[in-house]
Visitor: 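Take a look at this one; I'll ask things after.
The model shown is predicted, which means the values in this text are computed figures rather than measured ones.
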Amino acid sequence: MMMRLERGSSQLYGMMLMLAAVVLLADQLTKLWAVSALSDSERVAVIPPLIHFRLLYNAGAAFSIGTEATWVFTLAAAAAVVGILYTARRLASASWALVLGALLGGAASHLGDRLFREPGLARGRVVDFIDYGAFVGNVADIALACGCVALVLLSLRGVQLAKVPGEESAQLLAKTTGRPHQSKRGSAS
């Protein structure tokens with residue numbers, strides 16, 4: 001049996017969109033800087049020996065996996081953006097709004113690279129320039145990695161992503177009567 005979900009808070013949705021816009025803007029501006037300031041072979045020490053700047057154009061995924069399947073990553077990024085926007089319509093917590101904002105910003109920025117960068121539509125390469133030694137990434141990658149870790153933590157803690165109809169009124173009734181509310185998952189709220 002599928003549970004019906006209520007519409008979430010427009011404030012939480014707006015907060016998610018704002019964070020996504022900040023991530024997208026920060027990622028694209030730093031990539032613009034990297035493309036204009038770094039040469040292809042240059043390696044600039046930032047925090048030696050941990051972090052360097054080194055300009056790469058990545059046609060693949062993490063660790064340059066799948067460089068011949070750029071169109072697949074374009075579709076995956078587009079699906080992630082649409083999925084996050086759809087799911088977030090029912091946001092029930094600020095924590096989830098932040099997680100989804102980070103993921104949306106990173107996915108949208110990578111989608112933009114795939115769509116509009118050379119060599120062409122849906123085959124574009126992502127600009128990577130933060131060299132950690134084992135891999136080279138960008139600001140969107142940082143947002144995606146942090147978002148994924150936070151997603152796992154929120155899930156493990158049982159923080160509710162979406163509103164369920166009647167859940168708030170049942171919890172309010174439980175508070176006023178002093179009797180614990182049994183959620184549909186069978187645990188006391």
Side-chain angles (χ1 to χ4, degrees), residues 12-89 91 94-154:
L12 292 174
Y13 196 82
M15 180 170 52
M16 177 204 65
L17 290 177
M18 288 295 292
L19 179 57
V22 167
V23 168
L24 176 77
L25 190 61
D27 186 55
Q28 289 300 315
L29 288 174
T30 56
K31 287 174 180 175
L32 183 66
W33 168 82
V35 168
S36 67
L38 301 172
S39 68
D40 288 341
S41 60
E42 183 178 18
R43 191 164 187 237
V44 178
V46 178
I47 305 173
L50 302 174
I51 298 175
H52 293 80
F53 286 150
R54 181 170 57 117
L55 183 62
L56 294 177
Y57 295 93
N58 187 357
F63 305 104
S64 296
I65 296 169
T67 57
E68 298 301 316
T70 301
W71 64 273
V72 173
F73 302 120
T74 304
L75 291 176
V81 167
V82 170
I84 291 167
L85 289 170
Y86 180 79
T87 300
R89 296 176 315 134
L91 276 170
S95 297
W96 277 108
L98 294 174
V99 167
L100 293 181
L103 295 174
L104 178 61
S109 192
H110 280 189
L111 178 60
D113 285 352
R114 299 286 182 200
L115 290 175
F116 303 117
R117 290 197 186 272
E118 293 294 328
L121 185 64
R123 296 175 299 131
R125 295 183 182 112
V126 173
V127 174
D128 287 334
F129 66 94
I130 305 171
D131 186 345
Y132 299 96
F135 62 94
V136 181
N138 53 50
V139 172
D141 294 333
I142 295 168
L144 288 166
C146 291
C148 286
V149 168
L151 181 144
V152 169
L153 293 174
L154 289 178

Visitor: Which pair of non-hydrogen atoms, one from Arg114 and one from Ala59, has the smallest distance, and what is that distance?
Guide: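 Between these two residues, the closest heavy atoms are NH1-O, 3.0 Å.
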Visitor: Measure the OG1-CZ distance between Thr74 and Arg123 for me, rounded to the nearest 0.5 Å.
Guide: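 That separation rounds to 10.0 Å.
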Visitor: Identify the two heavy atoms, one from Ala107 and one from Leu144, that lie closest to each other, and give their separation to 0.1 Å.
Guide: N-CD2, 3.8 Å
Visitor: Indicate the atoms forming the closest heavy-atom contact of Leu55 with Ser39, along with that distance.
Guide: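 Minimum heavy-atom separation between Leu55 and Ser39: CB-O, 3.9 Å.
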Visitor: Flag the pair Tyr13 / Leu85 as yes when at least one side-chain heavy-atom distance between them is below 4.5 Å, and no otherwise.
Guide: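 Yes, close enough: below the 4.5 Å cut-off.
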Visitor: Enumerate the ring-ring contact (aromatic ring centres under 6.0 Å, His included) contacts for residues 18-51, please, sequence neighbours excluded, ordered by first and then second residue.
Guide: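 Matches after skipping sequence neighbours: Trp33-Phe53.
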Visitor: Could you check whether any side-chain heavy atom of Tyr57 comes within less than 4.5 Å of a side-chain heavy atom of Asp40, counting everything from C-beta outward?
Guide: yes
Visitor: With sequence neighbours excluded, tell me which residues meet side chain to side chain donor-acceptor pair (under 3.5 Å) with Arg43.
Guide: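 Result, side chain to side chain donor-acceptor pair (under 3.5 Å) vs Arg43: His52, Asp131.
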Visitor: Roughly how far apart are Leu153 CG and Cys148 SG, rounded to 0.5 Å?
Guide: 11.0 Å
Visitor: If you round to the nearest 0.5 Å, how far is CG of Leu91 from CE of Met15?
Guide: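 Result: 8.0 Å between the selected atoms.
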Visitor: Work out which heavy atom in Gly106 is nearest to a heavy atom in Val23; give both atom names and the distance.
Guide: N-CG1, 3.6 Å
Visitor: With heavy-atom distances below 4.5 Å as the criterion, would you say the side chains of Arg125 and Leu56 are in contact?
Guide: no
Visitor: Checking Thr30 side chain against Ala26 main chain: does a donor-acceptor pair fall under 3.5 Å?
Guide: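 Side chain of Thr30 to backbone of Ala26, a donor-acceptor pair under 3.5 Å: yes, one is there.
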Visitor: Measuring from Leu104:CG to Leu17:CG, what's the distance to the nearest 0.5 Å?
Guide: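 One gets 6.5 Å once the value is rounded to the nearest 0.5 Å.
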Visitor: Could you measure the distance from the CG atom of Leu25 to the CG atom of Leu32? Nearest 0.5 Å is fine.
Guide: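 Reported value, rounded in 0.5 Å steps: 10.5 Å.
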Visitor: Heavy-atom distance under 4.5 Å between the side chains of Met16 and Ile84, does that happen here?
Guide: yes
Visitor: Which distance, rounded to the nearest 0.5 Å, do you find between the CG of Leu98 and the CE of Met18?
Guide: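 If I round to the nearest 0.5 Å, the distance is 12.5 Å.
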Visitor: Looking at Gly147 and Ala102, what are the two nearest heavy atoms and their distance?
Guide: CA-CB, 4.4 Å
Visitor: Indicate every side-chain donor-acceptor pair of residues 132-139 with a distance under 3.5 Å to a residue at least two apart or in another chain.
Guide:
unit_1 : atom_1 : unit_2 : atom_2 : d
Asn138 : OD1    : His110 : NE2    : 3.4
Asn138 : OD1    : Ala140 : N      : 3.0
Asn138 : OD1    : Asp141 : N      : 2.9
Asn138 : ND2    : Val127 : O      : 3.0
Asn138 : ND2    : Asp128 : OD1    : 2.8

Visitor: Minimum heavy-atom separation for Asp113 and Gln28, please, with both atom names.
Guide: OD1-NE2, 3.2 Å
